[in-house]
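Side-chain atoms are counted along with the backbone in the values below, which use heavy atoms only and exclude waters and symmetry mates. The sequence lines fix the lettering, A, B, ..., with proteins before strands; numbering per chain opens at 1. It should be emphasised that the depicted structure is a prediction, and the values quoted were computed from it without experimental measurement.
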There are 4 protein chains.
Amino acid sequence: MNKDRPKYRQIIEAAVEVIAENGYHASQVSKIAKKANVADGTIYLYFKNKEDILISVFKEKMGHFIDKTVKAISEKETAKEKLLTFIQMHYKQLSESPYLAIVTQLELRQSKPELRAEINKVLKSYLNVIDSIIKQGLEENDIQTDINPQLIRQMIFGTLDETVTTWVMKSQRYPLIDQAEEVHQLLTKGFFK
Amino acid sequence: MNKDRPKYRQIIEAAVEVIAENGYHASQVSKIAKKANVADGTIYLYFKNKEDILISVFKEKMGHFIDKTVKAISEKETAKEKLLTFIQMHYKQLSESPYLAIVTQLELRQSKPELRAEINKVLKSYLNVIDSIIKQGLEENDIQTDINPQLIRQMIFGTLDETVTTWVMKSQRYPLIDQAEEVHQLLTKGFFK
Amino acid sequence: MNKDRPKYRQIIEAAVEVIAENGYHASQVSKIAKKANVADGTIYLYFKNKEDILISVFKEKMGHFIDKTVKAISEKETAKEKLLTFIQMHYKQLSESPYLAIVTQLELRQSKPELRAEINKVLKSYLNVIDSIIKQGLEENDIQTDINPQLIRQMIFGTLDETVTTWVMKSQRYPLIDQAEEVHQLLTKGFFK
Amino acid sequence: MNKDRPKYRQIIEAAVEVIAENGYHASQVSKIAKKANVADGTIYLYFKNKEDILISVFKEKMGHFIDKTVKAISEKETAKEKLLTFIQMHYKQLSESPYLAIVTQLELRQSKPELRAEINKVLKSYLNVIDSIIKQGLEENDIQTDINPQLIRQMIFGTLDETVTTWVMKSQRYPLIDQAEEVHQLLTKGFFK
DNA sequence: GATGAATGAGAATTCATTCAT
DNA sequence: TATGAATGAATTCTCATTCAT
């Protein structure tokens, strides 16, 4: 299962598009094969089964996603700057791949246990990035210590998630990234006077 | 049809459980019928099709959910108190019906357009409750006016959603409601010093 | 199963219409019940099952049909006149009940053996009427004796049947009865010079 | 798809038999698949749906049927001879494929509109053959000009149809073809002295 | 490796019939 | 008699997966 071979990539890219357009359950393997210009059977040389396609798509895409985010953050100094960068990268990358946004926001919310387990494994490393920023903030004495850091992370991720979902649901009609600073402000300072 | 007839309720309750256990797509109509102690065909006397079951379950349950929330909030004075009550009610009610929590957190994220449209209609009235609290806060001069109220709502809902999802994913091993005040504090004041 | 009770008639009449409109297989018992203004279950007080409705409709209607034909023929003297009357009655009666025409021409051609057996039993007495005309014609020395009388009957009935079917298929757009004399001429004299 | 592939033929032949034995409505797709020695799903690689099987069977078989008839007729000179040949071919071919006879005589009288439309399209080209014979007869001054040619055609087809139906209903106990000349005589000269 | 025809398990839905009221 | 809610057997069609070429 050499992942460098062109067919593997073709299938992954085709799968993202087909799933974004039709949803996971309405995405027949034959449809993905057609869009990828390979035979149905070929899919099974690269993926164990249909579920494996979804997981692989997510791992693959989310891997790049995280890598880029980590890299961008590493260029910033303070936790505050890093958080802003994190938010910006989140919005920027999903804006650039609306297909991916649809897949992550809607299609990955499957409750099939095995599927979720795999998805969460990948998601966890993304959440770890947030955790590390919070940790640094605590060390820098910038973040309040009387709050459960897990809750902070859940607020950050939940807010990003919801804003992206809203954006996807509204057919991506406005520039997501424009919200980054306001969201950053909102998260760090709250909305009460 | 007549929503008071016992079979209707039986089917709704059975559907919630079966969907929570298996996910919507793995929930065969025959499984729901069996759990509801009715014949397969009986389901179709009360629901147009399988999708209609999901929508009806959601409308039915979310309706009660919202009603209770609205009632609880109406007994509070200030926007701040109301928000806390909102959070508490959200956690309390989902804690009491973990099946429902699973259905709402995971199964409703379907991307099938007609399905989403119906779901969003119901969800909207829940989001309206948040909006009305924010509006009151602005009138009471308690909420900062330089922030997009929609973003505030997205942060509130996103945070609640994510904290519940985390709780569901961790098999509901801790009392959700205990987080209410801390989350309220976090949302209103942010986490930065 | 008193056939004089009003519900029996209501159901028969409703059945003729529903079957003519939808075809036998698409005619749900519940549809017939609705049109007859009775409950589904009531049907089964008067008919053994759905098939029995079809057969009863046919017997009932065809019975009248034959009675009227026999009566009309009995008023004529010669075989030749009787045949013309037969043709006229056939066309006249089916013209007056287009529903019945549709049912007899299309819906009764079911090949389900038990069904056909019953239908043929009724049809036979109609064919007997033709046979008796032919017999009289032979006795009157008006009909050629070197032809198999059965074939003659098949030609007569086949021709009537086909002309009615054509008329039904063309949505009954012309007056069927106008053809009677020409068909009579054609049958008795053939079309060759 | 490719009509030369053996499975296509297998399914067509199996369908003719199964439909002849059970009637269209009682012919489950699975029964046809079994008799054709293919999997149920394979049927759907070659046919759009169950209805498509019936139409295809008819087109396929009737196509050959008509071709042979046309060929046989073209070898005859006069309209009179051609008509005799037409009758002979009709009887001969249906005698040789009693299954087909049953299907055409009984099963194709479906009133489902889309189905009939397709069937009539094919049937029409058969009726056209009769029409062309009549036309030639008129040109040769052999057929009476004061009769509606459409009626002549209806008499010819109706008579053939009815004689075949009778033969089918009587379980094909006599040689159909023996009647050809008598029927020809009957049609052209009528039965009156 | 690549193909794509073939497979067949699986699932939603319909509707004739029953039977408690 | 009459009702109509409830039943559940029956059937079409889909689509992930296999495997001979």
Side-chain angles (χ1 to χ4, degrees), chain A residues 1-2 5-8 25-34 36-53, chain B residues 1-2 5-8 10-11 25-34 36-53, chain C residues 1-2 5-8 25-34 36-53, chain D residues 1-2 5-8 10-11 25-34 36-53:
Chain A
M1 321 294 168
N2 185 339
R5 268 172 307 172
K7 307 245 160 170
Y8 179 86
H25 279 98
S27 294
Q28 296 89 322
V29 172
S30 60
K31 227 184 248 172
I32 296 174
K34 200 168 188 183
N37 276 319
V38 300
D40 294 16
T42 305
I43 301 250
Y44 291 86
L45 297 175
Y46 295 92
F47 301 92
K48 212 167 76 247
N49 51 34
K50 191 182 166 188
E51 204 162 87
D52 188 32
I53 303 175
Chain B
M1 316 284 158
N2 187 343
R5 271 177 296 173
K7 308 251 158 168
Y8 179 85
Q10 275 165 244
I11 295 167
H25 280 97
S27 294
Q28 297 89 321
V29 171
S30 61
K31 225 184 253 172
I32 296 175
K34 200 167 190 182
N37 275 319
V38 299
D40 293 16
T42 304
I43 301 256
Y44 292 87
L45 296 177
Y46 296 91
F47 302 92
K48 220 169 65 247
N49 50 36
K50 192 183 165 187
E51 201 163 89
D52 189 33
I53 303 175
Chain C
M1 322 299 167
N2 185 341
R5 268 172 306 175
K7 307 243 161 170
Y8 179 84
H25 279 97
S27 294
Q28 295 89 323
V29 172
S30 61
K31 229 185 246 172
I32 296 174
K34 201 168 188 182
N37 275 320
V38 301
D40 294 16
T42 305
I43 301 251
Y44 290 87
L45 298 175
Y46 295 91
F47 301 92
K48 213 168 75 245
N49 50 36
K50 192 185 166 186
E51 204 162 88
D52 187 32
I53 303 175
Chain D
M1 314 283 156
N2 189 343
R5 270 175 298 173
K7 307 251 158 168
Y8 179 85
Q10 276 165 242
I11 295 167
H25 280 97
S27 295
Q28 297 89 318
V29 172
S30 59
K31 227 184 253 173
I32 296 175
K34 201 167 188 181
N37 275 319
V38 300
D40 292 17
T42 305
I43 301 257
Y44 292 88
L45 296 177
Y46 296 91
F47 302 91
K48 219 168 67 248
N49 49 38
K50 192 184 164 186
E51 199 162 274
D52 189 31
I53 303 176

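Side-chain contact between Pro6(B) and Gln10(B) is present, with heavy atoms from C-beta onward closer than 4.5 Å.
In this structure, Asn37(A) places its CG atom 11 Å from P of dG4(E), rounding to the nearest Å. When rounded to the nearest whole Å, the span between NZ of Lys34(C) and C1' of dT3(F) equals 16 Å. For the pair Ile32(B) CD1 and dA11(E) P, the interatomic distance rounds to 12 Å; values are reported in whole Å. Computed from coordinates, the Lys31(C) NZ to dT14(E) C1' distance equals 12 Å when rounded to whole Å. The separation between Ile53(B) atom CD1 and dT13(E) atom C1' is 11 Å, rounded to whole Å. For the pair Phe47(D) CZ and dT12(F) C1', the interatomic distance rounds to 16 Å; values are reported in whole Å. dT7(E) atom C1' lies 13 Å from atom CD1 of Ile11(D), rounded to whole Å. Taking atom NZ of Lys7(D) as the reference point, atom C1' of dT7(E) lies 9 Å away to the nearest angstrom.
Partners of Tyr44(B) by side chain to side chain contact (heavy atoms under 4.5 Å, CB included), not counting sequence neighbours, listed by chain and number: Val29(B). In this structure Thr42(C) satisfies the side chain to side chain contact (heavy atoms under 4.5 Å, CB included) test together with Lys7(C), Val38(C), Ala39(C), Leu45(C), Tyr46(C), sequence neighbours excluded. Applying the side-chain hydrogen bond (donor to acceptor under 3.5 Å, both in side chains) rule to Asp52(A) yields the partners Ser56(A); only residues at least two apart in sequence or on another chain are considered.
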At under 4.0 Å between heavy atoms, how does the protein contact nucleotides 16-21 of chain E? Give one character per nucleotide, 5' to 3', with B, S or -. SBB---
Represent DNA chain F in dot-bracket notation, 5' to 3'. Only Watson-Crick or G-U wobble pairs with both distances under 3.5 Å count; pseudoknot-style crossings use [ ] and interstrand partners use |. .||||||||||||||||||||
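Applying the salt bridge (charged side-chain N to carboxylate O under 4.0 Å, His left out) definition to pairs two or more places apart or across chains, those involving residues 37-51 of chain B are Glu51(B)-Lys112(B).
Here NZ of Lys34(D) is found 11.0 Å from CD of Gln28(D). Values are rounded to the nearest 0.5 Å.
Along DNA chain F, the nucleotide nearest Ala39(B) and the nucleotide nearest Ala39(C) are compared for position; the residue whose nucleotide lies closer to the 5' end is Ala39(C).
In this structure, Ile32(D) and Ile11(D) approach most closely via the heavy-atom pair CG2-O, 4.1 Å.
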